[in-house]
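Report on the following structure.
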Number of protein chains: 2
Amino acid sequence: MSGLRSGQVAAAAGVNPQTLRYYERRGLLAEPDRSLGGHRLYPAETVTVLRVIKAAQRLGFTLDEVAELLDAGRHRHGRHPDAGLRARAQAKLTEVEVKIADLQVIAGTLRAAVKAGCDDLVECADQPYCPIPFATIAPPGACSTGSPA
Amino acid sequence: MSGLRSGQVAAAAGVNPQTLRYYERRGLLAEPDRSLGGHRLYPAETVTVLRVIKAAQRLGFTLDEVAELLDAGRHRHGRHPDAGLRARAQAKLTEVEVKIADLQVIAGTLRAAVKAGCDDLVECADQPYCPIPFATIAPPGACSTGSPA
DNA sequence: GGTAAGCCTGTACCTGAGTACCGGATGCAA
DNA sequence: TTGCATCCGGTACTCAGGTACAGGCTTACC
């Protein structure tokens with residue numbers, strides 16, 4: 001027995017072996033047991049944890065957020081309402097929806113630019129027919145929510 | 001006369017003065033004339049160029065891409081079809097559309113997770129009812145285009 | 001001509017998520 | 001027991017798009 005070596009875990013989860021140490025530093029993976037010589041020996045469930053991390057990242061969570069999510073799961077869930085995955089997923093969903101709306105505005109602008117046949121940005125900027133909103137263009141995420149939280 | 005000083009240009013365009021030097025290094029802004037003492041003196045149109053840069057960034061172009069776009073505009077347009085703003089805007093539009101589709105998949109997954117009431121990622125990963133696709137989750141942008149270019 | 005604000009160059013730092021390299025130690029199989 | 005793959009730690013680097021700081025010079029106004 002003993003456990004899986006870092007290379008095995010990395011291969012099984014499809015990540016770079018260095019990433020395991022990185023996640024350990026970041027608090028996403030618990031420090032595993034060691035062999036007598038100091039090599040890491042992981043329990044099999046580490047592979048699951050890694051898959052979970054990758055899935056959460058895919059859903060838009062940062063590593064810090066993933067670390068909190070994992071922690072929230074470990075410390076008995078349901079303590080206070082913000083801590084759970086459900087609430088955070090809801091918040092992240094809102095974020096993603098805002099981002100989608102933002103990109104849709106951008107797509108609309110690009111479509112208009114293509115249609116209008118703009119072919120030189122600097123020249124265009126002075127023309128009245130150019131659909132690109134040079135002056136009023138907002139930084140990403142600046143709109144749609146009334147107050148900055 | 002002489003031109004605008006860097007602080008004036010930066011203020012007029014709403015950017016950090018350091019950013020002007022940064023853009024100059026990156027090839028987005030031409031090297032301006034200097035005063036006898038070595039201070040930069042910008043023509044008024046630089047403010048327009050900065051606004052254009054910011055607008056293009058907002059539309060999803062990287063600074064390298066913006067530099068190319070500006071260059072393409074300067075070197076007489078219409079040479080070959082890829083070079084123009086129109087073609088690039090079309091390509092960028094496709095990129096943005098892919099990103100939107102990707103985020104919509106993510107939003108759908110988050111909605112499903114909220115609805116299913118998942119509350120602990122690691123536990124969830126072993127449950128059959130959990131809607132989060134841990135195993136099959138793809139890296140961003142991996143789908144929808146058949147071959148990796 | 002004095003003084004303060006502004007500008008100069010060069011270098012270092014920031015975020016986020018890793019990846020790469022180094023010299024040395026360990027694990028495992030033949 | 002030898003040899004080689006793997007792993008160790010620590011450090012440095014990557015990408016993108018800036019931002020900050022230090023130490024010194026210039027400009028502008030009174």
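Sequence lines set the chain letters: A, B, ... in the order given, protein chains first and strands last, and positions in each chain run from 1. What you see is a predicted model, and the numbers here were worked out from it, not measured in a lab.
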Inset, instruction - Provide, to the nearest angstrom, the distance between the OH atom belonging to B/Tyr23 and the P atom belonging to D/dT19. - result: 8 Å
Inset, instruction - Would you tell me if any nitrogen or oxygen in the side chain of A/Lys54 comes within less than 4.0 Å of OP1 or OP2 on C/dG18? - result: yes
Legend entry - Separation of D/dG10 C1' from A/Glu24 CD (nearest whole Å): 14 Å
Inset, instruction - Grab the CZ-P distance between A/Arg26 and C/dG18 for me, whole Å please. - result: 9 Å
Inset, instruction - Can you check each nucleotide of nucleotides 24-30 of chain D against protein heavy atoms at under 4.0 Å and return B for base, S for sugar-phosphate only, - for none, in 5' to 3' order? - result: --SSS--
Inset, instruction - Identify the heavy atoms of A/Glu24 and A/Tyr42 that sit nearest to each other, and give their distance. - result: OE1-OH, 3.8 Å
Inset, instruction - Could you tell me which non-hydrogen atom of A/Ala89 sits nearest to which non-hydrogen atom of B/Val114, and how far apart they are? - result: CB-CG2, 3.7 Å
Inset, instruction - Whole angstrom is fine here: how far is it from CG in B/Leu41 over to P in C/dG6? - result: 16 Å
Legend entry - Salt-bridge criterion met for A/Glu68 and A/Arg88 (N-O under 4.0 Å): yes
Legend entry - Those residues of residues 10-22 of chain B lying under 4.0 Å from DNA chain D by at least one heavy atom: B/Asn16, B/Gln18, B/Thr19, B/Tyr22
Legend entry - DNA chain C: 5'-proximal contact among A/Thr62 and B/Ser6 (nearest heavy atom): B/Ser6
Inset, instruction - Starting from C1' on D/dC7, measure out to CD on A/Glu31 and report it in whole angstrom. - result: 16 Å
Legend entry - Rounded distance in Å - CD1 (A/Ile53) to C1' (C/dG18): 13 Å
Legend entry - Side-chain ion pair, B/Arg111 and A/Glu97, N-O less than 4.0 Å: yes
Legend entry - Residue-phosphate contact under 4.0 Å: A/Arg40 side-chain N/O, D/dC8 OP1/OP2: yes
Inset, instruction - Take atom CD of A/Gln57 and atom C1' of C/dA17, then tell me their distance rounded to the nearest Å. - result: 7 Å
Legend entry - Closest non-hydrogen atom pair, A/Ser6 against A/Leu20: O-CD1, 3.3 Å
Considering only nitrogen or oxygen atoms on both sides, find all protein atoms under 3.5 Å from nucleotides 1-3 of chain C and state each distance.
none

Inset, instruction - Going by the side-chain hydrogen bond (donor to acceptor under 3.5 Å, both in side chains) test, name the single residue among B/Arg26, B/Arg25, B/Gln18 that passes it with B/Tyr22. - result: B/Arg26
Legend entry - Whole-Å gap separating P (D/dT6) and CD (A/Gln8): 10 Å
Inset, instruction - Calculate, to the nearest 0.5 Å, the distance between atoms CG and OG1 belonging to B/Leu50 and B/Thr19 respectively. - result: 9.0 Å
Inset, instruction - Please examine the side chains of A/Lys92 and A/Leu59, heavy atoms only from C-beta on, and report whether any two atoms are closer than 4.5 Å. - result: no
Inset, instruction - Go through the steps for B/Arg5 and B/His39 under the test side-chain hydrogen bond (donor to acceptor under 3.5 Å, both in side chains), then give the verdict. - result: CA-CA 7 Å; B/Arg5 306 186 53 180; B/His39 286 198; 3.3 Å; yes
Legend entry - Phosphate contact (D/dG17 OP1 or OP2) by B/Arg58 side-chain N/O below 4.0 Å: no
